[in-house]
Each structure stands twice: as structure tokens, then as C-alpha cells.
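The basis for the numbers below is simple: all heavy atoms, side chains too, and nothing from hydrogens, waters or symmetry mates. Numbered from 1 within each chain, the chains take letters A, B, ... in sequence-line order.
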Number of protein chains: 2
Amino acid sequence: MKFEAVTIKDIAKALGLSTSTVSRALRDSYEISPETKRLVIEYAQKINYQPNPIALSLKERKSRSIGIIVCEIANSFFSQVINGIESIANTRGYNIIIAQSKESAERELADLQFLASRSVDGLIISVTTETTDYSFLKDLYQRGLPIVFFDRIVNEIATHKVISDNVKGSYDATKHLIDQGYKNIALVTSSEGLFITKERMAGYQAALKDHGFVVNADYIKHCNHSGMIQAEIEDAVNQLWGLRKKPDAIFAASDKLTTGVLRLLKARKVKVPQQVGLIGYSNADYTELIDPPLTIVKQPAFEIGQIAIELLLQMIESKRPVTDFETRVLNTELIIRASTRSK
Amino acid sequence: MKFEAVTIKDIAKALGLSTSTVSRALRDSYEISPETKRLVIEYAQKINYQPNPIALSLKERKSRSIGIIVCEIANSFFSQVINGIESIANTRGYNIIIAQSKESAERELADLQFLASRSVDGLIISVTTETTDYSFLKDLYQRGLPIVFFDRIVNEIATHKVISDNVKGSYDATKHLIDQGYKNIALVTSSEGLFITKERMAGYQAALKDHGFVVNADYIKHCNHSGMIQAEIEDAVNQLWGLRKKPDAIFAASDKLTTGVLRLLKARKVKVPQQVGLIGYSNADYTELIDPPLTIVKQPAFEIGQIAIELLLQMIESKRPVTDFETRVLNTELIIRASTRSK
DNA sequence: TTTATTTACGCAAACGTTCCCGGTAACGAT
DNA sequence: ATCGTTACCGGGAACGTTTGCGTAAATAAA
């Protein structure tokens, strides 16, 4: 089955003109008479001419499409970011190609190769928690592919980045738990190498110190797949519950981790917030419906996406190489609900 | 900024061959000597040659990309379907372009035009609840664009369709409520024109009749935007609560409707399931965490996506026009939890 | 040795555009 | 009458591939 489209040639033939004239008329060139222009434009409209984007891409050597790599689109944070990206990209005539890494460095590499081979004009990516080797990404970038990082950014590559204020977000979350009277606050977070993990840990630790608590390494648990596999959350919780002094509050530093921890707490019949307070990063729109309603740190996901694509388009459409990069840091929102309302 | 790639010409020049020879060597043509092939292939590998998909697209007159239109990717059902589509598309060398209609017929049309102009090779779509005019879709289809419908299918167009067994799913849900002792069972569903609405209504009505209940039209409420706007759900619930005999159970026929109804019930301090039982279509992975844990009808979303893309690729890659269309109907799963455990 | 066949490669067109060069009128100025 | 402008328009190359056709050399058959 094939889908036959009308081309500039058809117009030229029908009107007894050359393709160049038609092309110019359509692009409103000054060296075409108003009369001819009218003729061409009217006829083009009549037969519903649509320029072939593929031919254009070949000529201009760009595809007017940009790649997005996230670990999972079913994750509310990422789907909201994508919404933000799409909202701008569409109006600027770009289409987006989404690939999911599923928190696997291997799949991420495959996605990267796939997108590169489809010659996207730019890339927006939140890397895997697994990723340690950025050489392919670096190579792509050095060969001229514009890249913008968001959320899980990589600092080794100098380009635009957009994140939320992880330190402050975590500080606020931890401080809230302290204010509520919790004493033994555990942190369940992603893999140690990740920049956002470091930042969220820093915020957590700073809040503890500022309020006269000591940081207990036993209370900090890393899930190297960010909760994509339930078993690692289970390990974390088991270890936490194996301690002499069990935590009386948990701060979960990502969407999947938050629901994962709650699931396990429920399985253990631990009462939230009476026995354990729970606060988590989340962008889900159902956290108020959960039992108990969840106190969350919410990231401005949609805006993150919008800013990321703006910065990327800026790079793509820039005449000369961009050298002045910025890291945009957005504020998070703390939404207080019952899951931390114990004491 | 530009991203310079290595072409077949570079190889030809470097090796003192013609581009045709290089092309043929790369495609392992019989009329190229083994020696030359080895040379070309080795060199291509060395400089990491990647065929330009755009040039190929122009030549073959296809883009190896397929369009997907759903109302919202943040919806778990749709993101799972997309996962299914992607899982197959990627292995077959196709990339997917996702567009969101946001339940707006206007945006849907714009998406359609956008995808058509990007010359996708095929389309997988679940139409808007608003859509009543299928002429553009029909036109596209008649001009040769392969289309597969899923979920919200349109019967006026004869092509492959894949849905879940809506009648049975709704029958089971309604029967479950009856079995639990509920007597006044309301249905909150999408706009009346939609095929899946009709089917789900049919299942609901059949179950009622089969068990000696009369169908009360007052108990059937339509939300024309499928719950995308909270106000319409509010209207529905308000009307239901305005009845002399209030319903003692609600069957919500979509993801957004289910959480939307629950939200309103909570706002009214209605106890679920004691005062009102609640069952809903949902593919969210957190329904067990909700208060109360939700009884749901779950669709095989991932499989729906996989089958849809299989059927589409079959159409795309078929030499002669496909005339034999099938409608695949998959079974839903009823997951019983506390929200219907009243009596 | 001559002719027919095979082997191995190059030429050029095509896909749909854009755009750099031209070129041809018409017209006013010299 | 000649020249320089201006206004319009067409020819053709180019973007990176594939592919039908042509053809030289090498080999086989006569």
C-alpha cells in the first residue's frame, strides 16, 4: 500500500511552469510576479499540496525531529515533562521521537544509536541510574548533536541542563518530617553515582545537621534501579527494619520509590503515619487518594519540559556554536497531607 | 550547529570506487567481488558509516515511522499500549511519533494533519470522545494510509481494529456488584456516540436484566470528555445524588472517571464501600494503594499495543492492498478488592 | 583465433526540494 | 540605435541513496 502525495512537479506541469518558479512562488519570493504567485498558490491549495518534509530534510540536512530518552513514559513525572516538550515542539514544527531506557544502560545505548541513526536534530535526555559510561553521549555531543539534560543530568558534559532544586526540595521534606516530630528519618533513594541522588542526599543531610541530628549511614538506602525492580526496594526496607533502632519516618526520593515503599509498609502492616511517617517525591495526580494521602515533593515537570525544549531549539537554530550554557534550577513544591501527620 | 555524518560518497572516494559499487557492496549484491565487498564493509565499519534514513525515505517513499494518536500519554492505559507498540516497532526498525489529542476533536485533526504531513507510513489511533466527523480520517485512509484502530474504534472505516471485550468486561463488573448485594447500580461512562461506550453500556444493561433488575436511565451518566474535565464528573455525581433513590454502587467506565468519581465521593464524605460500592475500568498500577483499594476492570493494554502494531506493519509491508480485516477482541481481567466489599 | 558468456564495475536517473546561475524580454536613459 | 536596469522565469545541480542499463575485461566455448 502506498500513499501518493502531490508534489511541486505536479503543480509545475499543470500550470506550465518550472519547478523553480513554483517553489519560489510558494515561498513568496520577490522575483515572482503577483499574478503567477496567485495562480500557483490557488492551485496548490486546490489540490491540497503539502511540501514533502523528507525531501526538505534531505536538502536542509536536518530532520526537524528531536529525540527524547526517559526511563519510562508511564511515570507521571516523565509523561508530564514530555507534555511540556511536546507543547512547544509542535508549535515550532518539530516532532518528537520518544524512547524508553527502562533504567537499563544497555537499552539507553541502543536508544541513542537508534536516534542518532534517525538523525534527530537534537536530544533531550534524563539518563539511567545505571549509566556510568558517557562516552557515546560525549561522542555524539562532540560531533555536533545538540543535547539538553534534565532531571538526571550528567555534569561531565558542558551543555544546557534543567533540574529542580533537589537540595532545597529534600531539605524541605526532611525539615517537615523533623517539624512533625520524627526522630529517626531514613532516606530511600536512587543509585549513588547519580547527581540528583547526591543533591537529594545533601539536602537531607543538611536538614538533619541544621536541626541537631546526626546523619546515620544505616538510614540511607540506595536502589540502583530507582525502584524499577521491586526487589531492591524490598531489600532496602528489610535492611531498615533489621536495624536495632528502626526508622520512624521514611523519605523516598522518587516516584516509584514512594509507592514501592508504601506497598511494602502495607504488606508489613506498618501503620502510616502512626508508626512511620512517609514523604516522597512524586508527580502522580492521585497521591491524595492513597491511603493515607501522601505528603509529597512535587517537581514542576511540565515547565522542566518546556524549558528543556526551548533551550534545545535555541541550540539547534543557532547560527554559531553555543558556548554559553546555563543550568536552570526550578523550585519544587511541598504538599503536606496525612502521611506525615503522626505526632 | 550541524551534525556531519559520513556518506556513501566518502567511502567511494576513499576507496576509489563508484557510489553504486559501494551501495551494492554494502547490500551484499551478487555482482560485487568478495574482495571489494570486504574492503568496503571493513572501511564502512571503521569510519562508522550509517545509512542516511532520510535519503532512503525519499527514495523508497516511506518514512519508516508510524504515528500514534491517543488522548493523553499520562494515562496508564495509553502509556501501556504505547509500550506495547514500541516494543515491536523498535525491533522492526520503525520509530513512533506520538501525538496527544487531549480529548479535543480539534487537536485530533491538527495531529492528523501534522502526522500526514510528516508522511508516516501508518497510523494507530484511539479517537477522541468528541470526534463525530471522520471525514479527514476516511480521506487519509482512502488515499492509502494504513490505519489501525484500538480502544475507541470507528466502525465506519473498514480496517483492522483491536479492542478488549467491553461487553463482557462490563457485564462481569456489573455482575460482581450484583453478587455483592448492591441494588442500585449507576454507570458513569464516556460520550454516547463512542462505540466502546455503547458496548460497555450493553454489558452493564445485560447483567442487570439477566439478574432481574430494571435498567434505570437516570442511573446512566455520560461524560463527554471522558473525565478530562473534572466538572463533568461533578455534574454526573451531583445528578446521581439528586435522585430520590441514590445509587448504592457506581461503575466507572474509564481510568480518569474512576479516580474522578472517587475523589468526589471522598469530598462528599461518602464511605466507600459501606455507603457506595465503586468499581472502575483502570490500568493504573497503584489502585491497590488507594483508600479503599479499588476493584477494577483491567485491559490487556500492552498486548493491545502489540497486536495493533503487528496488524499495522502487516498492512504497511503488504505488497497488494489488504482487504481482509479483522477485529481482535481481548479479554479483560476483573481484580476484586475492597471498594466493592460492602455487604 | 573468434565469438559468446560471465564477472565486476561505472554512469546516470530518480525521489522532492531549494537555490545559484543564467537568460529574455520590456523599458527608460543616453 | 545602443546600453543598463529591472522584472520574471527556467535550467540544472545538489542533498544521499538505489538501481536499470551499459560496458570493459576476463573467461569459456566454438
Rounded interatomic separation in angstrom, taking CD from E60(A) and P from dG16(D): 13 Å

Which whole-number value in Å describes the distance from K9(A) NZ to dG11(D) P? 13 Å

Which ring pair (Phe, Tyr, Trp, His ring centres under 6.0 Å) pairs, counting each pair once, include a residue from residues 35-74 of chain B, with sequence neighbours left out? none

Drop me the distance from T131(A)'s OG1 to Y134(A)'s OH, to the nearest 0.5 angstrom. 6.0 Å

Do R152(B) and E103(B) sit within salt-bridge range, that is, some charged N less than 4.0 Å from a carboxylate O? yes

Ring geometry between F78(B) and F150(B) (parallel below 30°, tilted from 30 to 60°, perpendicular above 60°): perpendicular

For DNA chain D, determine which residues of residues 16-25 of chain A have any heavy atom closer than 4.0 angstrom to one of its atoms, and list them numerically. G16(A), L17(A), S18(A), S20(A), T21(A), R24(A)

For the pair made of CD in E31(A) and P in dT5(D), what is the distance, rounded to whole Å? 18 Å

Which is true for S57(A) with a 4.0 Å heavy-atom rule: it touches a base, it touches only sugar-phosphate, or it touches nothing? nothing

First of L26(A) and K59(B) reached from the 5' end of DNA chain C, by closest nucleotide: K59(B)

How many Å lie between CG on N52(B) and C1' on dA14(D), as a whole number? 14 Å

Parallel, tilted or perpendicular: ring planes of H160(B) versus F325(B), cut at 30 and 60 degrees: perpendicular

Counting only side-chain N and O atoms of K62(A), is one of them less than 4.0 Å from OP1 or OP2 of dC15(D)? no

Specify the separation, in whole Å, of atom CZ of R64(B) and atom P of dG16(D). 21 Å

Is E326(B) atom CD crowded by more than 12 heavy atoms from other residues, nucleotides or ligands, each under 6.0 Å away? yes

Would you call E310(A) and R92(A) a salt bridge, using N to O less than 4.0 angstrom? yes

d(CD1, I8(B); P, dC15(D)) in whole Å: 14 Å

Counting only side-chain N and O atoms of Y49(A), is one of them less than 4.0 Å from OP1 or OP2 of dT17(C)? yes

Expressed in angstrom and rounded to an integer, what is the separation of L58(A) atom CG from dC15(C) atom C1'? 9 Å

Choose from dC8(D), dC15(D), dA8(C) the nucleotide whose nearest atom is closest to any side-chain atom of P34(A). dC8(D)

